[in-house]
Amino acid sequence: MPRHIAIIMDGNGRWAKLRGMPRVMGHRQGVLALKPIVKACAHLGVNVLTVYAFSTENWARPATEVNGLMDLLVEFLRSETQELKLEGVSIRTIGDIAPLAQRAQRALQEAAESTAEQSRMILNLAVNYGGRDELVRAVNRWLSTLGTKSREGPLAVTQEVIARHLDSAGMPDPDLLIRAGGEARVSNFMLWQIAYTELYVTDTLWPDFDPRTLAMAIRSFQSRSRRFGALES
Ligand code: FPP
């Protein structure tokens with residue numbers, strides 16, 4: 001079983017368009033699709049599920065869509081946190097939440113605080129998340145810890161230092177990255193962490209993604225031979 005599954009929930013807009021609905025209705029249906037996937041992952045023994053809810057590039061969408069996505073996020077947290085807590089799910093965020101509306105920041109903080117003790121699975125919400133932005137923030141975070149202390153020897157960053165300052169510090173890298181909606185690209189998602197992640201792209205649009213689609217992705221993952229750049233042992 002993958003320890004960490006990451007998902008790009010793409011295709012909401014197309015799902016809505018196919019039905020003559022506004023794009024936000026596709027996102028609303030996308031939230032409905034997410035709930036059974038979170039539960040299925042927790043029941044299957046997945047340790048971390050990371051979902052791409054809002055990217056650093058999504059601000060370029062019309063204000064109605066951006067606001068609609070924020071409303072859905074707050075609604076999701078208000079309505080689901082208690083049930084997820086009972087399922088043993090701890091809710092966390094990756095991404096820079098400082099530019100979000102106060103109510104979204106508060107909802108994310110409250111959900112994280114209220115579920116902090118849960119240890120069955122982490123649900124990581126990627127909000128205002130960009131892989132490049134995360135790397136820049138990680139390096140800056142490290143630089144700010146150095147302060148003005150005197151140092152011996154040249155200053156050098158290492159892979160371990162970067163990993164330790166990422167938003168995802170302490171979590172295993174994703175074993176499996178699932179992308180719904182058929183496009184075969186990474187879209188600035190977890191650039192550092194997916195170095196050796198297995199990719200699975202499905203044409204299924206995210207609102208139609210269900211636990212059977214998840215099972216197919218996991219079966220595909222289980223049939224692969226992961227060598228991490230080495231030879232088969
Ligand atoms: C991509 O679909 C999806 C998004 C930009 C947002 C995903 C968000 C949700 C599923 C809902 C909010 C999340 C939570 C956790 C409450 P798209 O609009 O790019 O689809 P398209 O490619 O068909 O246009």
Side-chain angles (χ1 to χ4, degrees), residues 5-41 49-81 83-84 91-108 111 123-134 167 174 176-191 194 199-214 216-217:
I5 297 180
I7 306 184
I8 300 177
M9 306 182 288
D10 198 15
N12 299 341
R14 279 166 282 165
W15 185 93
K17 194 172 173 202
L18 282 168
R19 289 160 180 80
M21 293 176 177
R23 294 178 56 83
V24 174
M25 290 306 289
H27 296 313
R28 181 168 286 283
Q29 204 61 35
V31 178
L32 292 179
L34 177 60
K35 295 183 202 175
I37 299 304
V38 178
K39 277 197 192 165
C41 285
L49 171 65
T50 301
V51 295
Y52 209 175
F54 191 86
S55 78
T56 47
E57 288 71 36
N58 286 154
W59 295 106
R61 296 191 176 197
T64 46
E65 185 168 348
V66 170
N67 293 335
L69 281 165
M70 293 299 154
D71 289 345
L72 284 172
L73 175 67
V74 173
E75 220 177 277
F76 170 80
L77 292 166
R78 299 245 182 278
S79 67
E80 302 306 316
T81 298
E83 196 179 328
L84 290 176
I91 300 174
R92 301 212 203 146
T93 309
I94 57 169
D96 179 11
I97 68 165
L100 302 184
Q102 282 295 328
R103 60 197 178 85
Q105 291 188 45
R106 217 172 316 119
L108 285 165
L123 170 63
N124 228 350
L125 302 173
V127 184
N128 191 28
Y129 177 87
R132 290 181 173 183
D133 182 65
E134 182 191 30
D167 299 341
L176 171 63
L177 170 61
I178 300 172
R179 182 168 185 139
E183 317 262 21
R185 57 176 169 256
V186 167
S187 298
N188 203 10
F189 195 38
M190 306 195 93
L191 297 182
I194 62 169
L199 308 181
Y200 182 87
V201 177
T202 169
D203 287 335
T204 303
L205 303 174
W206 175 254
D208 294 325
F209 193 100
D210 63 14
R212 278 172 310 168
T213 334
L214 174 71
M216 279 197 283

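The chain is numbered in sequence order, starting from 1.
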Inset, instruction - List the steps, then state whether side-chain hydrogen bond (donor to acceptor under 3.5 Å, both in side chains) holds for Arg132 with Thr56. - result: CA-CA 10 Å; Arg132 290 181 173 183; Thr56 47; over 6 Å; no
Legend entry - Salt bridge flag under 4.0 Å for residues Glu75 and Arg28: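 Between Arg28 and Glu75 there is a salt bridge, with a charged N closer than 4.0 Å to a carboxylate O.
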Donor-acceptor pair, [X] side chain versus [Y] backbone, under 3.5 Å?
X: Tyr52; Y: Val127; result: no
X: Arg212; Y: Met216; result: no
X: Asn67; Y: Ala63; result: yes
X: Asp167; Y: Gly95; result: yes
X: Asn188; Y: Gly131; result: yes
X: Trp206; Y: Asp10; result: no

Legend entry - Asp96: side chain to side chain donor-acceptor pair (under 3.5 Å) partners, not counting sequence neighbours: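 Asp96: no side chain to side chain donor-acceptor pair (under 3.5 Å) contacts found.
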Inset, instruction - Report the C-alpha distance between Asn124 and Thr93 in whole Å, list the side-chain angles of each, state the deciding distance to 0.1 Å, and finish with yes or no for side-chain contact (heavy atoms from CB on, under 4.5 Å). - result: CA-CA 5 Å; Asn124 228 350; Thr93 309; 5.9 Å; no
Legend entry - Any side-chain donor near an acceptor of the partner, Arg23 and Thr64, under 3.5 Å: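 Side-chain D/A pair, Arg23 to Thr64: absent.
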Inset, instruction - Taking the six-membered ring of Trp15 (Phe, Tyr or Trp), confirm whether the NZ or CZ of Arg19 is under 6.0 Å from its centre and within 45° of its axis. - result: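 Yes, Arg19 and Trp15 form such a contact.
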Inset, instruction - Let me see the working for Thr213 and Thr202 under side-chain contact (heavy atoms from CB on, under 4.5 Å), right down to the final yes or no. - result: CA-CA 8 Å; Thr213 334; Thr202 169; 4.1 Å; yes
Inset, instruction - Using ring pair (Phe, Tyr, Trp, His ring centres under 6.0 Å) as the criterion, list what pairs up with Phe76, not counting sequence neighbours. - result: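 Ring pair (Phe, Tyr, Trp, His ring centres under 6.0 Å) check on Phe76 returns nothing, list empty.
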Inset, instruction - Check Ile8 against Val186 and note the closest heavy-atom contact, atom names and distance. - result: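 It is CD1-O, 3.6 Å.
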Inset, instruction - Please name the pair of heavy atoms, one in Asn12 and one in Pro207, separated by the smallest distance, quoted to 0.1 Å. - result: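 Scanning both residues completely, I find the closest heavy atoms to be OD1-CD, 3.3 Å.
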Donor-acceptor list for residues 97-106 side chains, cut-off 3.5 Å, not counting sequence neighbours:
unit_1, atom_1, unit_2, atom_2, d
Arg103, NH1, Asp71, OD1, 3.3
Arg103, NH2, Asp71, OD1, 2.7
Gln105, NE2, Ile97, O, 3.4
Gln105, NE2, Ala98, O, 2.8
Gln105, NE2, Leu100, O, 2.8

Legend entry - Close side-chain approach of Glu134 to Met190, heavy-atom, < 4.5 Å: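 No, their side chains stay 4.5 Å or more apart.
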